[in-house]
Participant: 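Could you have a look at this structure, given as structure tokens, before my questions?
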Amino acid sequence: MLVTSHNLFLHCNTKLKKNKDLCYNLLYKIFLKRIIIERIGRIILERYTEDGNFIIEKQKDFILSQTLECGQCFHFVKLDEEDYLISAKSRILHIAQKENRTIFYNTDEQTFDKVWKHYFDLERDYGKIKSILIEKDDRLATAIEAMSGVRILNQEFFETLISFIISQNQQIVRIKQIVAAISSRYGRKGEGIDYFPGATEILAAGEQGMKDCKAGFRAKYIIDACEKYVAGELDEKKLLAADYNEAVEILKSVKGIGSKVANCIALFSLDKRNAFPVDVWIKRIMEAMYFHKETPVTEIEKFGKEKYGELSGYAQQYLFYYGKTLNIGK
DNA sequence: ATCCAGGGAATCG
DNA sequence: CGATTCCATGGA
């Protein structure tokens with residue numbers, strides 16, 4: 001695949017016509033390896049294909065383990081240090097970080113652009129997000145520096161909906177076990193990890209099926225969510241287009257979804273980055289940081305949203321993961 | 001053994 | 001209203 005200067009010109013020209021905000025430059029590096037340097041705002045993504053794998057130069061604000069283990073997603077298998085198998089977006093991804101590179105195994109450029117770039121939120125400038133948050137309150141600096149590789153994933157709505165219904169009053173390790181069990185029994189089989197089933201498959205499994213996967217009293221909540229989902233009452237496109245308050249209200253119409261779970265679903269799958277989920281950890285952490293006494297979760301949620309504004313979700317996630325890792329307030 | 005988990009619904013006062 | 005209790009289940 002020789003690239004002549006004329007081809008380069010044509011390629012750049014079409015790309016620029018496609019999206020004036022994206023500026024593509026093509027370079028040639030070592031042995032015909034095509035390097036694409038993509039600039040999105042202040043973000044530079046240097047990326048190329050090698051042996052069928054897609055590779056990006058590891059970004060400053062992206063650590064795979066932190067992004068996956070921070071409690072926002074539950075459907076992955078750790079193979080090694082910074083080496084994971086992820087089941088998401090009706091796909092399985094083997095991804096690793098080594099020597100300053102992020103490797104998307106067996107992935108082509110098109111799939112990266114269409115699926116994973118957005119999933120890992122790679123278009124977003126986390127350097128800027130962090131500096132604005134620290135400007136709002138420099139007490140966030142410690143948590144942000146410690147968890148600097150966390151990115152908020154753009155996860156698929158239905159799996160996130162069910163996963164966070166399962167999450168209520170449950171430890172993260174068990175949430176993962178139940179998600180894996182539901183996928184294993186009722187989803188499509190994959191290599192090393194299974195796919196999460198759709199609403200139809202879960203409805204066919206029924207409440208008892210969910211109980212068999214150890215969902216306990218949450219089984220009936222899962223069924224209610226699936227019924228509303230297939231009835232079109234929980235439309236992903238509508239919820240994505242809706243503003244934060246609308247989306248949360250619609251989500252709360254499901255039995256078993258209260259404020260915390262609705263905020264998690266809105267934050268992790270509906271692009272509502274001003275959401276502020278308050279769970280037991282955030283309660284402890286915020287009480288230790290700001291209130292210095294027992295405080296109702298409703299008050300903490302209001303306080304967080306007012307303090308961090310449009311970036312509440314990011315602040316929440318840095319604080320949650322940091323506080324939980326250090327056992328703050330416990 | 002006992003407490004508690006990325007909470008929320010049902011019930012009570 | 002706000003406060004309490006119950007819910008399944010197993011990790012720590």
Side-chain angles (χ1 to χ4, degrees), chain A residues 66-76 78 143 147 150-153 155 159-182 185 205-225 227-228 234 248-270 272-273 275-289 293-302 304-305 308 312-330:
Chain A
Q66 288 188 354
T67 294
L68 294 174
E69 312 269 9
C70 72
Q72 63 177 319
C73 62
F74 308 107
H75 206 172
F76 59 88
K78 181 177 176 176
M147 302 308 177
V150 170
R151 306 182 74 82
I152 302 218
L153 299 169
Q155 299 182 68
E159 177 166 350
T160 308
L161 169 75
I162 303 304
S163 298
F164 277 94
I165 289 173
I166 292 166
S167 79
Q168 87 165 53
N169 200 235
Q170 195 118 244
Q171 298 177 153
I172 291 177
V173 279
R174 290 213 78 233
I175 304 168
K176 285 190 193 167
Q177 290 168 11
I178 295 165
V179 168
I182 292 173
R185 284 170 181 252
E207 187 175 332
Q208 188 54 47
M210 293 302 101
K211 285 184 175 169
D212 294 342
C213 296
K214 309 296 179 186
F217 64 88
R218 305 158 198 83
K220 54 183 176 292
Y221 301 154
I222 297 172
I223 299 303
D224 185 48
E227 283 170 349
K228 290 191 162 70
L234 302 168
V248 164
E249 282 317 303
I250 293 170
L251 289 168
K252 280 160 80 174
S253 71
V254 176
K255 275 231 181 304
I257 298 186
S259 187
K260 188 268 170 186
V261 169
N263 272 272
C264 282
I265 298 165
L267 176 59
F268 300 132
S269 73
L270 297 173
K272 311 296 186 246
R273 302 303 164 98
F276 193 77
V278 179
D279 72 320
V280 288
W281 285 103
I282 285 295
K283 183 171 185 295
R284 287 179 196 135
I285 294 156
M286 297 289 281
E287 283 170 352
M289 273 180 80
K293 61 173 182 175
E294 270 279 336
T295 310
V297 291
T298 50
E299 190 179 330
I300 296 172
E301 186 185 322
K302 186 163 173 284
K305 283 193 277 206
Y308 310 126
S312 294
Y314 302 99
Q316 192 274 1
Q317 202 52 28
Y318 290 123
L319 286 173
F320 169 80
Y321 192 30
Y322 179 72
K324 185 175 177 302
T325 304
L326 268 70
N327 250 340
I328 288 176
K330 207 184 165 188

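In this text the structure is predicted, and so the values were computed from the model without any measurement. Residue numbering restarts at 1 for every chain, and letters A, B, ... go by the order of the sequence lines.
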Participant: Rounded to the nearest angstrom, tell me the gap between atom CD in Q177(A) and atom P in dA8(C).
Facilitator: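 After rounding, the reported distance stands at 19 Å.
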Participant: Is K283(A) salt-bridged to E294(A), going by a charged N under 4.0 Å from an acidic O?
Facilitator: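 The answer is yes: the pair qualifies as a salt bridge.
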Participant: Please report the distance separating the P of dA9(B) from the corresponding atom of dG10(C), rounded so that it comes out in whole Å.
Facilitator: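 Here dA9(B) and dG10(C) have their P atoms 24 Å from each other.
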Participant: If the P atom of dG8(B) is compared with that of dG11(C), how far apart are they to the nearest Å?
Facilitator: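 These two P atoms come out 23 Å apart once rounded.
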Participant: Would you measure the distance from the P atom in dA10(B) across to the matching atom in dA8(C) and give it in whole Å?
Facilitator: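 Each nucleotide's P atom is 12 Å from the other's.
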Participant: Test H75(A) against S163(A) for side chain to side chain contact (heavy atoms under 4.5 Å, CB included), laying out the working first.
Facilitator: CA-CA 9 Å; H75(A) 206 172; S163(A) 298; over 6 Å; no
Participant: Is any NZ, NE, NH1 or NH2 atom of the basic residue among D224(A) and K228(A) found under 4.0 Å from an Asp or Glu carboxylate oxygen of the other?
Facilitator: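 Yes.
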Participant: How long is the line joining CD of Q168(A) and C1' of dC6(C), in whole Å?
Facilitator: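 My rounded result for the distance is 12 Å.
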Participant: Quick one: the dot-bracket string of DNA chain C, using Watson-Crick and G-U wobble pairs with both distances under 3.5 Å, [ ] for crossing pairs and | for bases paired to another strand.
Facilitator: |||||||.||||
Participant: In this structure, how many angstroms lie between the P atom of dA8(C) and the CD1 atom of I166(A), rounded?
Facilitator: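 Result: 16 Å.
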Participant: Send over the distance from I172(A) CD1 to dG10(C) C1', rounded to a whole Å.
Facilitator: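 My rounded result for the distance is 15 Å.
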Participant: Start at the 5' end of DNA chain C and walk down; is the nucleotide closest to V173(A) or to F217(A) reached first?
Facilitator: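 Closer to the 5' end of DNA chain C: F217(A).
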Participant: Tabulate protein N/O versus nucleotide N/O from nucleotides 9-13 of chain B, keeping only pairs under 3.5 Å, one per line.
Facilitator:
from: dA9(B); atom 1: OP1; to: G256(A); atom 2: N; distance (Å): 3.4

Participant: How close or far is atom P of dC7(C) from atom CD1 of I222(A), stated in whole angstroms?
Facilitator: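 Rounded to the whole Å, the gap is 19 Å.
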Participant: Looking across every strand, which nucleic acid part, if any, lies under 4.0 Å from C213(A) by heavy atom: base, sugar-phosphate, or nothing?
Facilitator: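 No contact.
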Participant: Using heavy-atom distances to pick each residue's nearest nucleotide on DNA chain B, tell me which of A262(A) and K330(A) is more 5'.
Facilitator: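 By nearest-heavy-atom nucleotide position, the 5'-most residue is K330(A).
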Participant: R174(A) has an atom CZ; how far is it from atom P of dT9(C), in whole Å?
Facilitator: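 Going from R174(A) (CZ) to dT9(C) (P), I get 8 Å.
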Participant: Evaluate F74(A) against I172(A) for side chain to side chain contact (heavy atoms under 4.5 Å, CB included), listing each step before the verdict.
Facilitator: CA-CA 8 Å; F74(A) 308 107; I172(A) 291 177; 4.2 Å; yes
Participant: Kindly say whether Q168(A) contributes a backbone atom to a donor-acceptor pair with the side chain of R218(A) at under 3.5 angstrom?
Facilitator: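 Yes.
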Participant: Between the side chain of N263(A) and the main-chain N/O of F276(A), is any donor-acceptor distance below 3.5 Å?
Facilitator: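 Between the backbone of F276(A) and the side chain of N263(A) there is a qualifying donor-acceptor contact (under 3.5 Å).
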Participant: Where do M289(A) and L319(A) land on the side chain to side chain contact (heavy atoms under 4.5 Å, CB included) test, with the steps shown first?
Facilitator: CA-CA 10 Å; M289(A) 273 180 80; L319(A) 286 173; 3.6 Å; yes
Participant: Say whether, by atom type as modelled, one donor and one acceptor occur between the side chain of E159(A) and the main chain of Q155(A) under 3.5 angstrom.
Facilitator: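 Flag not set: sc E159(A) to bb Q155(A) has no pair under 3.5 Å.
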Participant: Ignoring hydrogens and geometry, is there a side-chain-to-backbone donor-acceptor pair from T67(A) to R151(A) under 3.5 Å?
Facilitator: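 Present.
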Participant: Using whole Å, what does the distance between atom P of nucleotide dC7(C) and atom CZ of R218(A) come to?
Facilitator: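 So the CZ-P distance, R218(A) to dC7(C), works out to 13 Å.
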Participant: The side chain of V261(A) is closest to which nucleotide in this list: dA8(C), dG10(C), dG8(B)?
Facilitator: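 My answer, after comparing the listed nucleotides, is dG8(B).
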Participant: Kindly point out which of dT9(C), dC7(C), dG11(C) is positioned nearest to the side chain of K214(A)?
Facilitator: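 Shortest atom-to-atom distance from the side chain points to dT9(C).
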Participant: Per the atom types in the model, does the base of dA8(C) pair as donor or acceptor with the side chain of N169(A) at under 3.5 Å?
Facilitator: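 Such a pair is found, so the answer is yes.
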Participant: To the nearest Å, how far apart are I182(A) CD1 and dT9(C) P?
Facilitator: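 After rounding, the gap between these two atoms is 13 Å.
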Participant: Got a donor-acceptor contact below 3.5 angstrom from the Q170(A) side chain to the A215(A) backbone?
Facilitator: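 Not confirmed, Q170(A) side chain does not pair with A215(A) backbone.
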